[in-house]
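Contents: one structure, followed by commentary.
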Amino acid sequence: MIDKENFLLKSYELGIIKFGEFTLKSGIQSPFYIDLRPLASSPSLLKELSELLLEEIQEPNYQLICGVPYAALPMATAMSLESEIPLIIKRKENKGYGTKKMLEGIFTVGQTCLLVEDVITSGKSLFETIEEVEREGLKVKDIVVVLDREQGGIELLNEKGYKVHKLFSIQNVIDILYKNNLLKEKEVLKIKDFLNGNSLAISKKPRLKYEEKKELQEHPVAKKLLSIAIEKKSNLIASLDVTQTSEILDLAKKIGDYVVAIKLHTDILTDFSVDYINELKSIAQEKNFLLFEDRKFGDIGNTQQLQFEQGVYKISDWADLITSHVIAGENSLNVFSENIGVVTIAEMSSKGTLTDVTYKQKAIQISEKNSKVIGCVAQSSLPDSLLLFTPGVNLDSKGDSKGQQFNTPEKVFREYYTDFIIVGRGIYKSANPVEEAQKYREEGWRSYEATL
Ligand code: S5P
(Lines give C-alpha, C1' and ligand atoms only; values in the text may rest on other atoms or scores of the structure.)
Protein backbone atom coordinates (compact mmCIF):
# COMPACT_ATOMS: atom_id res chain seq x y z
CA MET A 1 0.00 0.00 0.00
CA ILE A 2 1.28 3.45 -0.89
CA ASP A 3 1.18 6.04 1.85
CA LYS A 4 -1.01 8.93 0.69
CA GLU A 5 0.67 11.51 2.90
CA ASN A 6 4.08 10.50 1.69
CA PHE A 7 2.88 10.67 -1.89
CA LEU A 8 1.55 14.18 -1.33
CA LEU A 9 4.78 15.41 0.23
CA LYS A 10 6.82 14.09 -2.67
CA SER A 11 4.40 15.64 -5.17
CA TYR A 12 4.53 18.95 -3.34
CA GLU A 13 8.26 19.09 -4.08
CA LEU A 14 7.40 19.12 -7.79
CA GLY A 15 5.58 22.43 -7.30
CA ILE A 16 2.04 21.18 -7.88
CA ILE A 17 0.63 23.62 -5.34
CA LYS A 18 1.72 27.20 -4.97
CA PHE A 19 0.64 29.68 -2.32
CA GLY A 20 0.36 33.42 -2.81
CA GLU A 21 -2.19 35.41 -4.77
CA PHE A 22 -3.51 34.06 -8.03
CA THR A 23 -6.27 35.07 -10.39
CA LEU A 24 -8.18 31.99 -11.52
CA LYS A 25 -9.80 31.52 -14.94
CA SER A 26 -13.09 32.55 -13.35
CA GLY A 27 -11.57 35.88 -12.26
CA ILE A 28 -11.63 34.89 -8.59
CA GLN A 29 -8.57 35.78 -6.51
CA SER A 30 -7.29 32.62 -4.87
CA PRO A 31 -4.60 32.22 -2.18
CA PHE A 32 -3.39 29.01 -3.80
CA TYR A 33 -2.85 27.60 -7.26
CA ILE A 34 -2.89 23.95 -8.19
CA ASP A 35 -1.40 22.39 -11.30
CA LEU A 36 -0.95 18.63 -11.28
CA ARG A 37 0.63 18.43 -14.73
CA PRO A 38 4.22 18.29 -13.37
CA LEU A 39 3.36 14.86 -11.93
CA ALA A 40 3.84 13.39 -15.39
CA SER A 41 7.46 14.51 -15.17
CA SER A 42 8.06 11.95 -12.46
CA PRO A 43 7.25 8.48 -13.80
CA SER A 44 7.55 6.94 -10.35
CA LEU A 45 5.09 9.40 -8.81
CA LEU A 46 2.70 9.04 -11.72
CA LYS A 47 2.79 5.29 -11.21
CA GLU A 48 2.13 5.69 -7.48
CA LEU A 49 -0.71 8.06 -8.25
CA SER A 50 -2.31 5.59 -10.64
CA GLU A 51 -2.20 2.90 -7.97
CA LEU A 52 -3.72 5.24 -5.39
CA LEU A 53 -6.50 6.25 -7.76
CA LEU A 54 -7.32 2.65 -8.62
CA GLU A 55 -7.42 1.78 -4.92
CA GLU A 56 -9.98 4.53 -4.30
CA ILE A 57 -12.65 2.52 -6.07
CA GLN A 58 -13.43 -0.31 -3.73
CA GLU A 59 -15.69 -2.24 -6.07
CA PRO A 60 -14.42 -1.70 -9.60
CA ASN A 61 -17.23 -1.94 -12.10
CA TYR A 62 -15.94 -0.50 -15.33
CA GLN A 63 -14.53 -1.78 -18.59
CA LEU A 64 -12.93 1.43 -19.83
CA ILE A 65 -10.93 4.33 -18.41
CA CYS A 66 -11.09 7.88 -19.73
CA GLY A 67 -9.25 10.98 -18.53
CA VAL A 68 -10.66 14.51 -18.73
CA PRO A 69 -8.29 16.38 -21.07
CA TYR A 70 -5.53 17.34 -20.71
CA ALA A 71 -4.09 17.07 -17.22
CA ALA A 72 -5.74 13.74 -16.44
CA LEU A 73 -4.66 12.03 -19.68
CA PRO A 74 -1.31 10.74 -18.38
CA MET A 75 -3.01 9.69 -15.14
CA ALA A 76 -5.67 7.71 -16.99
CA THR A 77 -2.98 6.15 -19.18
CA ALA A 78 -0.96 5.07 -16.17
CA MET A 79 -4.10 3.61 -14.57
CA SER A 80 -4.85 1.69 -17.71
CA LEU A 81 -1.32 0.25 -17.80
CA GLU A 82 -1.51 -0.65 -14.13
CA SER A 83 -4.95 -2.26 -14.25
CA GLU A 84 -4.82 -3.57 -17.82
CA ILE A 85 -8.23 -1.98 -18.40
CA PRO A 86 -8.39 -0.31 -21.83
CA LEU A 87 -8.15 3.43 -22.25
CA ILE A 88 -10.31 5.65 -24.38
CA ILE A 89 -9.32 9.20 -25.22
CA LYS A 90 -11.67 12.11 -25.24
CA ARG A 91 -10.72 14.91 -27.59
CA LYS A 92 -10.89 18.45 -26.40
CA GLU A 93 -12.01 19.62 -29.80
CA ASN A 94 -12.96 17.51 -32.81
CA LYS A 95 -10.50 17.14 -35.63
CA GLY A 96 -12.56 19.13 -38.11
CA TYR A 97 -11.99 16.44 -40.73
CA GLY A 98 -12.51 12.72 -41.10
CA THR A 99 -14.74 11.01 -38.56
CA LYS A 100 -15.44 14.03 -36.28
CA LYS A 101 -15.32 11.56 -33.46
CA MET A 102 -14.88 12.98 -29.97
CA LEU A 103 -13.90 9.65 -28.43
CA GLU A 104 -10.93 7.67 -29.70
CA GLY A 105 -10.33 4.01 -28.98
CA ILE A 106 -12.18 0.74 -29.21
CA PHE A 107 -15.38 0.39 -27.22
CA THR A 108 -18.89 -0.99 -27.51
CA VAL A 109 -22.19 0.62 -26.60
CA GLY A 110 -23.31 -0.20 -23.06
CA GLN A 111 -19.84 -0.48 -21.56
CA THR A 112 -19.13 1.39 -18.34
CA CYS A 113 -16.34 3.93 -18.30
CA LEU A 114 -14.43 5.25 -15.30
CA LEU A 115 -13.66 8.96 -15.58
CA VAL A 116 -10.48 10.46 -14.20
CA GLU A 117 -10.04 14.13 -13.33
CA ASP A 118 -7.07 15.96 -11.82
CA VAL A 119 -8.69 18.84 -9.93
CA ILE A 120 -12.39 19.40 -9.44
CA THR A 121 -13.74 22.88 -8.76
CA SER A 122 -17.24 23.44 -10.14
CA GLY A 123 -17.26 20.17 -12.08
CA LYS A 124 -17.75 21.93 -15.43
CA SER A 125 -15.10 20.01 -17.41
CA LEU A 126 -16.33 16.75 -15.94
CA PHE A 127 -19.91 17.44 -16.98
CA GLU A 128 -18.69 18.15 -20.54
CA THR A 129 -16.77 14.89 -20.63
CA ILE A 130 -19.70 12.93 -19.21
CA GLU A 131 -21.94 14.32 -21.92
CA GLU A 132 -19.57 13.24 -24.72
CA VAL A 133 -19.04 9.80 -23.23
CA GLU A 134 -22.73 9.17 -22.68
CA ARG A 135 -23.56 10.42 -26.17
CA GLU A 136 -21.45 7.55 -27.53
CA GLY A 137 -23.64 5.08 -25.65
CA LEU A 138 -21.26 4.47 -22.76
CA LYS A 139 -22.25 4.55 -19.11
CA VAL A 140 -20.56 6.61 -16.39
CA LYS A 141 -20.96 5.50 -12.79
CA ASP A 142 -17.70 6.23 -11.01
CA ILE A 143 -15.45 9.25 -11.25
CA VAL A 144 -12.10 9.51 -9.51
CA VAL A 145 -10.45 12.86 -8.82
CA VAL A 146 -7.03 13.60 -7.40
CA LEU A 147 -7.93 16.83 -5.65
CA ASP A 148 -11.18 18.46 -4.65
CA ARG A 149 -11.03 22.25 -4.31
CA GLU A 150 -14.22 21.97 -2.24
CA GLN A 151 -16.19 24.42 -4.27
CA GLY A 152 -19.29 22.36 -4.80
CA GLY A 153 -18.45 20.29 -7.91
CA ILE A 154 -18.66 16.93 -6.16
CA GLU A 155 -22.06 17.71 -4.65
CA LEU A 156 -23.45 18.63 -8.07
CA LEU A 157 -22.19 15.38 -9.57
CA ASN A 158 -23.54 13.35 -6.65
CA GLU A 159 -26.94 14.96 -7.12
CA LYS A 160 -26.94 13.69 -10.70
CA GLY A 161 -26.21 10.19 -9.46
CA TYR A 162 -22.47 9.95 -10.21
CA LYS A 163 -20.24 8.52 -7.54
CA VAL A 164 -17.18 10.70 -7.05
CA HIS A 165 -14.12 9.30 -5.30
CA LYS A 166 -11.46 11.78 -4.26
CA LEU A 167 -7.91 11.16 -3.24
CA PHE A 168 -7.45 14.49 -1.43
CA SER A 169 -9.50 17.51 -0.53
CA ILE A 170 -7.78 20.86 -0.32
CA GLN A 171 -8.36 20.77 3.44
CA ASN A 172 -6.47 17.44 3.64
CA VAL A 173 -3.62 18.92 1.63
CA ILE A 174 -3.39 21.98 3.86
CA ASP A 175 -3.52 19.92 7.03
CA ILE A 176 -0.75 17.63 5.78
CA LEU A 177 1.46 20.52 4.66
CA TYR A 178 0.89 22.38 7.92
CA LYS A 179 1.67 19.27 9.95
CA ASN A 180 4.94 18.93 8.07
CA ASN A 181 5.87 22.59 8.57
CA LEU A 182 5.49 23.41 4.90
CA LEU A 183 2.80 26.02 5.53
CA LYS A 184 2.69 28.74 8.11
CA GLU A 185 -0.30 29.20 10.39
CA LYS A 186 -1.05 32.57 8.81
CA GLU A 187 -1.17 31.02 5.32
CA VAL A 188 -3.43 28.25 6.58
CA LEU A 189 -5.84 30.80 8.03
CA LYS A 190 -5.92 32.75 4.78
CA ILE A 191 -6.71 29.61 2.82
CA LYS A 192 -9.35 28.44 5.27
CA ASP A 193 -10.97 31.87 5.14
CA PHE A 194 -11.01 31.64 1.38
CA LEU A 195 -12.53 28.16 1.51
CA ASN A 196 -15.14 29.30 4.02
CA GLY A 197 -16.24 31.80 1.41
CA ASN A 198 -15.21 34.29 3.97
CA SER A 199 -12.16 35.64 2.31
CA LEU A 200 -11.17 39.18 3.17
CA ALA A 201 -8.56 41.13 1.34
CA ILE A 202 -8.01 38.04 -0.75
CA SER A 203 -11.33 37.93 -2.58
CA LYS A 204 -12.32 41.51 -1.86
CA LYS A 205 -15.73 40.16 -0.89
CA PRO A 206 -17.51 42.89 1.05
CA ARG A 207 -18.27 42.18 4.67
CA LEU A 208 -21.84 41.89 5.90
CA LYS A 209 -23.34 45.02 7.42
CA TYR A 210 -24.62 44.94 11.00
CA GLU A 211 -28.14 45.09 9.56
CA GLU A 212 -27.47 41.97 7.51
CA LYS A 213 -25.87 40.19 10.44
CA LYS A 214 -28.90 41.01 12.54
CA GLU A 215 -31.08 39.21 10.02
CA LEU A 216 -28.85 36.14 10.23
CA GLN A 217 -28.86 35.98 14.02
CA GLU A 218 -31.56 34.12 15.89
CA HIS A 219 -30.40 34.86 19.43
CA PRO A 220 -32.16 37.86 21.07
CA VAL A 221 -28.94 39.07 22.72
CA ALA A 222 -27.11 39.06 19.39
CA LYS A 223 -29.96 40.99 17.81
CA LYS A 224 -29.94 43.46 20.70
CA LEU A 225 -26.19 43.98 20.51
CA LEU A 226 -26.37 44.63 16.78
CA SER A 227 -29.32 47.00 17.23
CA ILE A 228 -27.33 49.02 19.74
CA ALA A 229 -24.36 49.07 17.37
CA ILE A 230 -26.52 50.42 14.55
CA GLU A 231 -28.25 52.95 16.77
CA LYS A 232 -25.11 54.28 18.45
CA LYS A 233 -22.85 53.85 15.42
CA SER A 234 -20.48 52.05 17.73
CA ASN A 235 -18.75 48.68 17.76
CA LEU A 236 -16.82 49.40 20.91
CA ILE A 237 -16.82 47.17 23.95
CA ALA A 238 -14.95 48.74 26.85
CA SER A 239 -13.24 46.28 29.15
CA LEU A 240 -13.21 47.88 32.60
CA ASP A 241 -10.57 45.77 34.31
CA VAL A 242 -10.46 47.82 37.50
CA THR A 243 -10.77 46.48 41.03
CA GLN A 244 -13.17 48.88 42.74
CA THR A 245 -16.91 48.92 42.06
CA SER A 246 -16.94 52.72 42.40
CA GLU A 247 -14.46 53.00 39.53
CA ILE A 248 -16.64 50.82 37.31
CA LEU A 249 -19.80 52.76 38.13
CA ASP A 250 -18.04 56.06 37.54
CA LEU A 251 -16.57 54.96 34.20
CA ALA A 252 -19.83 53.34 33.11
CA LYS A 253 -21.68 56.62 33.60
CA LYS A 254 -19.05 58.57 31.71
CA ILE A 255 -18.46 56.33 28.71
CA GLY A 256 -21.79 54.44 28.57
CA ASP A 257 -23.04 56.52 25.64
CA TYR A 258 -20.20 55.41 23.38
CA VAL A 259 -20.17 51.65 23.92
CA VAL A 260 -22.35 48.70 22.96
CA ALA A 261 -21.28 46.73 26.01
CA ILE A 262 -19.08 46.93 29.06
CA LYS A 263 -16.95 43.89 29.68
CA LEU A 264 -16.22 42.93 33.25
CA HIS A 265 -13.99 40.59 35.22
CA THR A 266 -16.18 40.55 38.29
CA ASP A 267 -13.80 38.26 40.19
CA ILE A 268 -11.12 40.97 40.32
CA LEU A 269 -13.36 43.29 42.35
CA THR A 270 -12.45 43.78 46.00
CA ASP A 271 -15.89 45.07 47.03
CA PHE A 272 -18.50 43.27 44.96
CA SER A 273 -22.08 43.61 46.17
CA VAL A 274 -25.60 43.06 44.89
CA ASP A 275 -26.24 46.80 45.20
CA TYR A 276 -23.34 47.50 42.90
CA ILE A 277 -24.73 45.12 40.29
CA ASN A 278 -28.16 46.69 40.55
CA GLU A 279 -26.74 50.14 40.06
CA LEU A 280 -24.64 49.00 37.12
CA LYS A 281 -27.72 47.39 35.58
CA SER A 282 -29.67 50.62 35.83
CA ILE A 283 -26.81 52.60 34.23
CA ALA A 284 -26.71 49.99 31.45
CA GLN A 285 -30.41 50.42 30.88
CA GLU A 286 -30.25 54.19 30.89
CA LYS A 287 -27.22 54.38 28.60
CA ASN A 288 -28.31 51.42 26.46
CA PHE A 289 -25.38 49.00 26.68
CA LEU A 290 -25.08 45.33 27.63
CA LEU A 291 -23.18 43.70 30.50
CA PHE A 292 -20.56 41.25 29.35
CA GLU A 293 -18.99 39.06 32.05
CA ASP A 294 -15.64 37.79 30.78
CA ARG A 295 -15.62 34.73 33.06
CA LYS A 296 -13.96 32.47 30.48
CA PHE A 297 -15.54 29.31 31.84
CA GLY A 298 -13.27 26.35 31.19
CA ASP A 299 -14.38 23.38 33.22
CA ILE A 300 -16.71 20.42 32.99
CA GLY A 301 -20.35 21.34 32.56
CA ASN A 302 -21.34 20.67 36.16
CA THR A 303 -18.68 22.93 37.63
CA GLN A 304 -19.37 25.63 35.06
CA GLN A 305 -23.02 25.55 35.99
CA LEU A 306 -22.16 26.14 39.66
CA GLN A 307 -19.77 28.94 38.76
CA PHE A 308 -22.41 30.49 36.52
CA GLU A 309 -25.38 30.30 38.88
CA GLN A 310 -23.93 30.16 42.41
CA GLY A 311 -21.14 31.70 44.47
CA VAL A 312 -20.96 35.34 45.37
CA TYR A 313 -21.47 36.74 41.88
CA LYS A 314 -24.49 34.80 40.59
CA ILE A 315 -23.53 35.70 37.05
CA SER A 316 -26.66 34.09 35.60
CA ASP A 317 -28.81 36.70 37.39
CA TRP A 318 -27.43 39.75 35.63
CA ALA A 319 -25.06 39.14 32.70
CA ASP A 320 -26.28 39.65 29.13
CA LEU A 321 -23.18 38.06 27.66
CA ILE A 322 -20.50 35.72 28.99
CA THR A 323 -17.31 34.22 27.61
CA SER A 324 -16.58 30.52 27.74
CA HIS A 325 -13.77 28.32 26.57
CA VAL A 326 -14.74 25.20 24.64
CA ILE A 327 -11.86 23.17 25.99
CA ALA A 328 -14.22 20.81 27.85
CA GLY A 329 -16.20 19.97 24.73
CA GLU A 330 -19.57 20.91 23.33
CA ASN A 331 -21.78 19.59 26.14
CA SER A 332 -20.07 21.80 28.70
CA LEU A 333 -21.88 24.75 27.07
CA ASN A 334 -25.30 23.30 27.72
CA VAL A 335 -25.37 24.67 31.26
CA PHE A 336 -25.75 28.33 30.28
CA SER A 337 -29.22 29.82 30.15
CA GLU A 338 -31.00 30.52 26.88
CA ASN A 339 -31.36 34.24 27.51
CA ILE A 340 -27.61 34.85 27.83
CA GLY A 341 -25.42 35.20 24.77
CA VAL A 342 -22.40 32.92 24.94
CA VAL A 343 -19.19 34.10 23.29
CA THR A 344 -16.66 31.30 22.96
CA ILE A 345 -12.91 31.78 23.05
CA ALA A 346 -11.76 30.43 19.71
CA GLU A 347 -8.40 32.14 19.54
CA MET A 348 -6.51 34.26 22.06
CA SER A 349 -4.60 37.46 21.55
CA SER A 350 -1.55 36.60 23.61
CA LYS A 351 1.83 35.60 22.30
CA GLY A 352 2.38 31.85 22.24
CA THR A 353 -1.29 30.99 22.80
CA LEU A 354 -2.14 27.33 22.31
CA THR A 355 -5.23 28.21 20.28
CA ASP A 356 -3.73 27.26 16.93
CA VAL A 357 -5.56 26.84 13.62
CA THR A 358 -6.86 23.38 14.40
CA TYR A 359 -8.12 24.45 17.81
CA LYS A 360 -9.83 27.47 16.30
CA GLN A 361 -11.50 25.37 13.62
CA LYS A 362 -12.82 22.96 16.24
CA ALA A 363 -13.99 25.82 18.46
CA ILE A 364 -15.86 27.29 15.49
CA GLN A 365 -17.50 23.96 14.74
CA ILE A 366 -18.75 23.68 18.32
CA SER A 367 -19.89 27.31 18.31
CA GLU A 368 -21.79 27.03 15.04
CA LYS A 369 -23.74 24.04 16.29
CA ASN A 370 -24.81 25.60 19.59
CA SER A 371 -27.80 27.95 19.55
CA LYS A 372 -26.63 29.73 22.73
CA VAL A 373 -23.38 30.79 21.11
CA ILE A 374 -23.61 34.13 19.32
CA GLY A 375 -19.97 34.50 18.38
CA CYS A 376 -16.34 33.99 19.25
CA VAL A 377 -13.39 35.88 20.59
CA ALA A 378 -10.75 35.51 17.89
CA GLN A 379 -7.91 37.16 16.03
CA SER A 380 -8.97 36.17 12.52
CA SER A 381 -12.17 36.00 10.51
CA LEU A 382 -15.12 33.74 11.28
CA PRO A 383 -18.04 32.36 9.28
CA ASP A 384 -20.79 34.96 8.81
CA SER A 385 -23.10 33.13 11.21
CA LEU A 386 -20.88 34.02 14.19
CA LEU A 387 -20.11 37.48 15.55
CA LEU A 388 -16.42 38.23 15.93
CA PHE A 389 -15.17 39.91 19.10
CA THR A 390 -11.57 41.06 18.99
CA PRO A 391 -9.60 42.07 22.07
CA GLY A 392 -5.98 43.16 21.98
CA VAL A 393 -6.89 46.53 20.48
CA ASN A 394 -4.93 49.64 21.30
CA LEU A 395 -4.01 52.75 19.34
CA ASP A 396 -0.85 53.57 21.24
CA SER A 397 0.80 50.30 22.21
CA LYS A 398 1.96 47.13 20.46
CA GLY A 399 1.78 44.95 23.55
CA ASP A 400 2.73 44.54 27.18
CA SER A 401 5.41 42.57 29.00
CA LYS A 402 2.94 39.81 29.89
CA GLY A 403 2.19 38.50 26.43
CA GLN A 404 -0.64 40.74 25.27
CA GLN A 405 -0.39 41.73 21.59
CA PHE A 406 -2.20 44.80 20.32
CA ASN A 407 -3.53 45.76 16.92
CA THR A 408 -5.21 48.95 15.78
CA PRO A 409 -8.99 49.05 15.19
CA GLU A 410 -8.28 49.74 11.51
CA LYS A 411 -6.25 46.55 11.16
CA VAL A 412 -8.72 44.21 12.85
CA PHE A 413 -11.60 45.49 10.74
CA ARG A 414 -9.64 45.41 7.50
CA GLU A 415 -7.95 42.06 8.02
CA TYR A 416 -10.44 40.02 10.05
CA TYR A 417 -13.73 41.79 9.40
CA THR A 418 -14.25 41.89 13.11
CA ASP A 419 -17.64 42.93 14.48
CA PHE A 420 -16.68 44.30 17.88
CA ILE A 421 -13.45 45.65 19.26
CA ILE A 422 -12.67 45.12 22.93
CA VAL A 423 -10.54 47.86 24.45
CA GLY A 424 -9.27 47.71 28.02
CA ARG A 425 -6.25 49.74 29.07
CA GLY A 426 -6.53 51.96 26.00
CA ILE A 427 -9.54 53.49 27.74
CA TYR A 428 -9.54 52.92 31.49
CA LYS A 429 -5.83 53.59 31.96
CA SER A 430 -5.84 56.78 29.94
CA ALA A 431 -5.79 60.25 31.49
CA ASN A 432 -9.11 61.00 29.83
CA PRO A 433 -11.24 57.86 29.42
CA VAL A 434 -14.18 59.77 27.95
CA GLU A 435 -12.09 61.26 25.16
CA GLU A 436 -10.47 57.89 24.49
CA ALA A 437 -13.81 56.07 24.41
CA GLN A 438 -15.07 58.61 21.88
CA LYS A 439 -11.90 58.16 19.85
CA TYR A 440 -12.13 54.33 19.81
CA ARG A 441 -15.83 54.54 18.93
CA GLU A 442 -15.11 56.85 16.00
CA GLU A 443 -12.08 54.88 14.84
CA GLY A 444 -13.95 51.57 15.13
CA TRP A 445 -16.94 52.86 13.20
CA ARG A 446 -14.83 54.48 10.51
CA SER A 447 -12.82 51.27 10.08
CA TYR A 448 -16.03 49.21 9.88
CA GLU A 449 -17.48 51.49 7.20
CA ALA A 450 -14.25 51.35 5.22
CA THR A 451 -14.66 47.57 4.80
CA LEU A 452 -18.20 47.70 3.47
O1 S5P B 1 -7.66 36.54 23.79
C2 S5P B 1 -8.10 37.36 24.57
C3 S5P B 1 -9.38 37.25 25.10
C4 S5P B 1 -9.85 38.23 25.94
S5 S5P B 1 -11.49 38.19 26.40
N6 S5P B 1 -7.35 38.43 24.93
C7 S5P B 1 -7.81 39.40 25.78
O8 S5P B 1 -7.07 40.36 26.02
N9 S5P B 1 -9.05 39.27 26.34
C10 S5P B 1 -9.54 40.23 27.35
O11 S5P B 1 -9.66 41.51 26.75
C12 S5P B 1 -8.62 40.43 28.55
O13 S5P B 1 -8.97 39.54 29.59
C14 S5P B 1 -8.86 41.86 28.93
O15 S5P B 1 -9.96 41.94 29.79
C16 S5P B 1 -9.21 42.53 27.63
C17 S5P B 1 -8.05 43.25 26.97
O18 S5P B 1 -7.60 44.30 27.77
P19 S5P B 1 -6.39 45.26 27.29
O20 S5P B 1 -6.12 46.11 28.48
O21 S5P B 1 -5.25 44.38 26.95
O22 S5P B 1 -6.94 46.05 26.14
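No hydrogens, no waters, no symmetry mates; every other heavy atom, side chains included, goes into these values. Just follow the structure's listing: the first ligand is 1, and inside any ligand the first atom is 1.
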message: Tell me the contacting part of F389 for ligand 1: side chain, backbone, both, or neither, using a 4.0 Å heavy-atom threshold, strictly below.
response: neither
Distance-only N or O hit between ligand 1 and G424, under 3.5 Å: yes
- prompt: Taking only heavy atoms of K296, which atoms of ligand 1 are found under 4.0 Å from at least one of them?
  reply: 3 (C), 4 (C), 5 (S), 13 (O)
- request: Check the side chains of S397 and N394 for a donor-acceptor pair under 3.5 angstrom, ignoring hydrogens and angles.
  value: no
query: Taking N or O atoms only and a 3.5 Å limit, does T323 qualify as a polar contact for ligand 1?
result: no
- prompt: So, N180 versus E5: side-chain donor-acceptor pair below 3.5 Å or not?
  reply: yes
message: Check this for me, if you would: do D241 and R425 make a salt bridge, where the nitrogen-to-carboxylate-oxygen distance has to be below 4.0 angstrom?
response: no
For atom 13 (O) of ligand 1, the protein heavy atom that lies nearest, with its residue and separation: H265 NE2, 3.1 Å
Atom indices of ligand 1 within 4.0 angstrom of M348 heavy atoms, with elements: 1 (O), 2 (C)
- prompt: When you measure from atom 11 (O) of ligand 1 to every protein heavy atom, which one gives the shortest distance, and what is it?
  reply: P391 CB, 3.5 Å
- prompt: Is the shortest N/O to N/O distance between D241 and ligand 1 below 3.5 Å?
  reply: yes
- prompt: Does at least one non-hydrogen atom of V377 fall below 4.0 angstrom from an atom of ligand 1?
  reply: yes
field: Distance filter under 4.0 Å to K263 heavy atoms, resulting ligand 1 atoms
entry: 10 (C), 11 (O), 14 (C), 15 (O), 16 (C)
query: Under 30°, 30 to 60°, or over 60°: which ring-plane class applies to F32 and F19, parallel, tilted or perpendicular?
result: tilted
- prompt: Would T323 and D294 count as having a side-chain donor-acceptor pair, cut-off 3.5 Å?
  reply: yes
- prompt: Hey, what's the ring geometry for F22 with Y33, parallel, tilted or perpendicular (30° and 60° as the breaks)?
  reply: tilted
field: Numbered atoms and elements of ligand 1 in range of R425, under 4.0 angstrom, heavy atoms
entry: 19 (P), 20 (O), 21 (O), 22 (O)
- prompt: How does K429 reach ligand 1, by side chain, by backbone, by both or by neither, if only non-hydrogen atoms under 4.0 Å count?
  reply: neither
task: Apply the salt bridge (charged side-chain N to carboxylate O under 4.0 Å, His left out) test between K439 and each candidate in E436, E443, E442, E435; give the one that qualifies.
output: E436
message: What protein heavy atom lies closest to atom 5 (S) of ligand 1? Include the residue and the distance to one decimal.
response: D294 OD2, 3.1 Å
query: Looking at ligand 1, does Q379 have a heavy atom less than 4.0 Å from it?
result: no
query: Does ligand 1 have any atom that is closer than 4.0 Å to a heavy atom of G426?
result: no
query: Using 4.0 Å as the upper bound for N to carboxylate O, is an ion pair formed by K253 and E286?
result: no
message: Could you tell me if T266 and E293 have a donor-acceptor pair between their side chains, going purely by distance under 3.5 Å?
response: yes
query: Is any side-chain N of the basic residue among D175 and K192 closer than 4.0 Å to the acidic one's carboxylate O?
result: yes
message: For Q404, which part has a heavy atom under 4.0 Å from ligand 1: side chain, backbone, both, or neither?
response: side chain
query: Relative to ligand 1, is S349 under 4.0 angstrom through side chain, backbone, both or neither, heavy atoms considered?
result: both
field: Side chains of S367 and T344, donor plus acceptor under 3.5 Å
entry: yes
statement: Quick note on ligand 1: atoms under 4.0 Å from a heavy atom of F406 include exactly 19 (P), 21 (O), 22 (O)
